[in-house]
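The model shown is predicted, which means the values in this text are computed figures rather than measured ones.
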Number of protein chains: 2
Amino acid sequence: MDERQATLAFGALAQETRLNIVRMLVIAGPAGMAAGAIAEKAGVAPSNVSFHLKDLEHAGMVGSRREARSIIYSANYDTLSGLIQFLMKDCCAGHPEICTPALAASCCPPAKTTKRRKVLQPS
Amino acid sequence: MDERQATLAFGALAQETRLNIVRMLVIAGPAGMAAGAIAEKAGVAPSNVSFHLKDLEHAGMVGSRREARSIIYSANYDTLSGLIQFLMKDCCAGHPEICTPALAASCCPPAKTTKRRKVLQPS
DNA sequence: TCCTCATTTTGATATTTATTGAAATATAGG
DNA sequence: CCTATATTTCAATAAATATCAAAATGAGGA
C-alpha cells in the first residue's frame with residue numbers, strides 16, 4: 001500500500017457513516033450486504049449511502065457485485081490489513097523499543113532483536 | 001480507544017501534510033522536533049503547520065512541550081498503537097480465518113483456535 | 001526595557017465534503 | 001411492454017477544511 005492509497009483509506013474511515021458501513025461489512029463477511037440493507041441499518045438515505053459506498057470503493061475498502069436487482073457490497077480485507085501494516089511500519093519506524101507488547105510480534109521485524117542474545121530456552 | 005477518538009485519528013492521518021508530520025515525528029522519537037523545523041522539512045508555511053499540529057494534538061496523535069523559545073512536538077505512540085488495535089479488532093471481527101498471516105498473531109485472539117486441535121509438536 | 005525570534009491566532013478565501021430530494025437507470029416479473 | 005423495486009446520478013445547498021498573509025503572543029538576550 002502506497003501513501004496515496006493509505007491517505008484515501010484513512011479518509012474513508014474518518015467519517016462516522018463510512019466507518020459504520022465498513023464495520024458492518026467486515027462482520028457480514030464475504031457474503032456482503034445489499035446497498036439498501038446497508039442504508040437501512042446505518043440509518044441514512046439511500047442516495048447518501050450510495051455516495052459513501054462510492055467513496056469506500058474508490059479507496060479500495062469495499063467491492064461490489066450485482067445480484068439480481070440488488071448490488072451487494074463486501075469488505076476488502078486485503079486493503080484493511082494493508083492499512084494496518086502501513087500504520088505498523090510507521091509506528092515502529094526506528095523505534096521498536098516503544099512498541100506495545102501486543103503489537104511487537106507483527107509490528108517489529110522479528111529477526112532484528114535489539115540487544116539480548118541467547119535468551120530462549122537455556123534448557 | 002473509542003470510536004470518536006478513532007474517527008479523529010483517521011481524519012488526522014487522511015491528509016498529506018499531517019501524515020508527513022506524523023511520520024517524521026515517529027522517526028524523530030521522544031526527542032521530537034520544533035514546530036519551525038517541522039514546517040521547513042514539510043515545506044509548508046509556519047501558520048499552516050501550526051494549524052495541522054493543533055489538529056494532530058486534538059486527535060491525540062502528538063504532544064507538545066515548550067523548550068526555550070521553541071515548541072517541541074513529539075509523536076504519541078500510545079495513540080498510534082491504540083489506533084492499530086482499533087483497526088485490528090474490526091479487521092478480524094467474526095472472521096479470523098481471513099486474517100493475513102502477518103497479522104494473525106496480534107490480530108486474532110490466540111486462545112480461540114478454530115477447529116484443529118492437538119496439532120503442535122506430535123513429537 | 002526594548003528588540004528579536006519562534007510560534008500561534010485571526011480573518012479572508014478557495015476548496016472539498018456531506019446531505020437531501022428529485023430524476024434517471026437497470027433489473028425482474030406479470 | 002408496463003410496472004415495481006433497487007440503486008445511482010444529478011443539482012442545490014450547507015458545512016467543514018486547507019491555505020495564505022498579517023497581526024498578536026510569549027520567551028530570551030542586549
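Within 6.0 Å of atom CZ in B:Arg4, 12 or fewer heavy atoms from other residues, nucleotides or ligands are found, so the atom counts as exposed in its surroundings. Environment of CD in A:Glu3: crowded, with over 12 heavy atoms of neighbouring residues, nucleotides or ligands closer than 6.0 Å.
Taking only side-chain atoms of B:Phe51, from C-beta outward, the nucleotide of D:dA21, D:dG26, D:dA18 with the closest atom is D:dA18. Here the side chain of B:Asn48 is nearest to one of D:dC20, D:dT7, D:dG28, namely D:dC20. Comparing atom distances between the A:Ile71 side chain and each of D:dT8, D:dA21, D:dT9 picks out D:dT8 as nearest. Listed nucleotides: D:dA6, D:dC20, D:dT8. Nearest to the side chain of A:Arg69: D:dA6. Listed candidates were D:dA6, D:dT19, D:dC20. Nearest to the side chain of A:Ser70 is D:dA6.
Atom pair B:Leu56:CG and D:dT17:P shows a separation of 13 Å (rounding to whole Å applied). D:dG26 atom C1' lies 16 Å from atom CD of B:Glu67, rounded to whole Å. In this structure, B:Arg66 atom CZ and D:dT25 atom P are separated by 14 Å, rounded to whole Å. As a whole-Å value, the separation of B:Asp55 CG from D:dA18 C1' is 11 Å. Going from atom CZ of A:Phe10 over to atom P of D:dT17 covers 18 Å, rounded to whole Å.
Using a 4.0 Å cut-off on heavy atoms, none of the residues of residues 33-44 of chain B approach DNA chain D.
Distance check: A:Thr79 OG1 to A:Gln5 CD gives 5.5 Å after rounding to the nearest 0.5 Å. Distance CZ/B:Arg65 to OH/B:Tyr73: 12.0 Å, rounded to 0.5 Å. Note that CG of A:Leu19 is 6.5 Å distant from CZ of B:Phe10, once rounded to the nearest 0.5 Å.
With respect to B:Arg18, the side-chain contact (heavy atoms from CB on, under 4.5 Å) criterion is satisfied by exactly one of B:Val62, B:Leu56, B:Leu13: B:Leu56.
By the 4.5 Å heavy-atom criterion applied to side chains, A:Ser74 and A:Leu25 are not counted as neighbours. No side-chain heavy atom of B:Thr7 sits under 4.5 Å from any side-chain heavy atom of A:Gln15. Side-chain contact between B:Ile72 and B:Met33 is absent, with no heavy atoms from C-beta onward closer than 4.5 Å.
The span of DNA chain C lying next to chain B, judged by atoms under 4.0 Å from heavy atoms, is bounded 5' to 3' by C:dT4 to C:dT9.
Closest-nucleotide positions on DNA chain C for A:His52 and B:Leu53 were compared, and the one nearer the 5' end corresponds to B:Leu53.
For D:dA6, the OP1/OP2 oxygens have no side-chain nitrogen or oxygen of A:Tyr73 closer than 4.0 Å. Neither OP1 nor OP2 of D:dA16 sits under 4.0 Å from any side-chain N or O of B:Gln15.
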